[in-house]
Amino acid sequence: MSNITLRDISKALNISVSTVSRALTDSHEIGEETKKLVLAYAKEHNYVPNRMARSLKVGKTKSIGVVICSIDNSFVAQMLDGIDQACNDNGYQIIIMQSKESYEQEKACINLLYASGVDGIMISPSYQTTDFSHLTELQQQGFPVVLFDRITNELDAHKIAANNFKGAYEATQHLISKGCKRIAHLNSKSNLALTIERFEGYKQAIIDAQLSYKEELVKFCNTSDAENIDVNIAKAMDHLLKQQPDAIFTTTDMLSTKALAYLNQNGYRVPEDIMLLGFSNSDLAPLLNPSLSTVHQPSREIGQLAAKTLIQLVKGKDLGPAETTLLDTVLHIRKSTSK
């Protein structure tokens, strides 16, 4: 089936080619009734725009670059679903790249996406990333950049994430309400805000409950080293368990599930010997043995809002000074914290 052209639509509707073009690109110069008429005709006759020709003409590709740590993660997959929905609704395509928690690979992803002509980039930085100059350089050229999930104070940009402090605070409060007094904290080692905020939420809940904060009950584990993740987590768990905690609060999907596996493999009964609660959006959390109490993040909403924000920036909308938007988490109580 041959593709109809702008001229075909123009002739059929008896309006100019330029009006058809502006209507299809949602120009503010065209009335809503005309836009609806043109879009309906284009959809009915399977109009497909020549993206290459249009990008050369207006300098836009209607594509957005997305950089994430890894796609084999339920939380990330849920965010990508939200991003994809928002982009589809607005006529944008997405190009997804993975940093695999490597700073160098993250920079390579950014360079490749920029060279490919994407209109903007949204990124969840790697755990290794401490230097954000590769992003500030893009911003200095007027290129739109939005941070999502993993955010940092080192970059002045629009940021969308979960309220990590509040989520960690409420999780620790729950463990305290169950009678736990020696609550261990297992976190990832990074300079990203979520690492710090989840630790601070845990620590503040301990202090507010007038319990004694103990540094030996806190362990920051290197999870950016793919080859040694299991070894590093096992060492961290071994250290924490020597402190005889009555609960462990973990801060990522990976740490939560691997901590539970470690406890089961080493003869600990959860929750009888030790309680476990973690940040996790895994669909498997209710099916684990025992089912895992979790802090659930609004993953899809984070992705949607981040994509919508970037699309507005790409379209030239003035969103004012860069803002950080934090979405509330939800505490799901299951057997791992229920005696």
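- Note on ring orientation: taking the six-membered ring where Trp is involved, the planes of Y202 and H185 are parallel (angle under 30°, cut-offs 30° and 60°).
- At distances below 3.5 Å, at least one donor-acceptor pair connects side-chain atoms of T257 with backbone N or O atoms of D253.
- Around NZ of K315, the count of heavy atoms belonging to other residues, nucleotides or ligands within 6.0 Å exceeds 12.
- The two residues T19 and T34 make their nearest non-hydrogen contact at CG2-CG2, 4.0 Å.
- Here the side chain of S10 pairs a donor or acceptor atom with the backbone of I15 at under 3.5 angstrom.
- Sorted by first and then second residue, the pairs that involve residues 296-311 and meet side-chain hydrogen bond (donor to acceptor under 3.5 Å, both in side chains), not counting sequence neighbours, are Q78-S299, D81-R300, R198-Q297, N281-S299.
- Heavy-atom minimum distance, A157 versus V145: CB-O, 3.8 Å.
- Placement of M254 and F279 in two distinct hydrophobic clusters is found when ILVMFWY residues are connected by side-chain heavy-atom separations under 4.5 Å, directly or transitively.
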Determine, step by step, whether L263 and M237 satisfy the side chain to side chain contact (heavy atoms under 4.5 Å, CB included) criterion, reporting the C-alpha distance in whole Å, the side-chain angles of both residues, the deciding distance to 0.1 Å, and the verdict. CA-CA 9 Å; L263 291 170; M237 286 292 292; 3.9 Å; yes
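- A donor-acceptor pair is defined here as one N or O able to donate and one able to accept, closer than 3.5 Å; such a pair exists between the side chain of K159 and the backbone of T152.
- Clustering ILVMFWY residues whenever any of their side-chain heavy atoms sit less than 4.5 angstrom apart, transitively, puts L138 in the very cluster that holds F132.
- In plain terms, the two heavy atoms of L186 and L255 that are nearest each other are O-CD1, 3.7 Å.
- Looking at heavy atoms from C-beta onward, T136 lies in side-chain contact with L155 at the 4.5 angstrom threshold.
- Between D230 and K258, at least one side-chain nitrogen of the basic residue sits less than 4.0 Å from a carboxylate oxygen of the acidic one, meeting the salt-bridge criterion.
- When atom types are taken as modelled, the side chain of Q139 and the backbone of D156 share a donor-acceptor pair closer than 3.5 angstrom.
- Nearest approach of I110 to I121, heavy atoms of both residues: CD1-CG2, 3.8 Å.
- At distances below 3.5 Å, at least one donor-acceptor pair connects side-chain atoms of D246 with backbone N or O atoms of R182.
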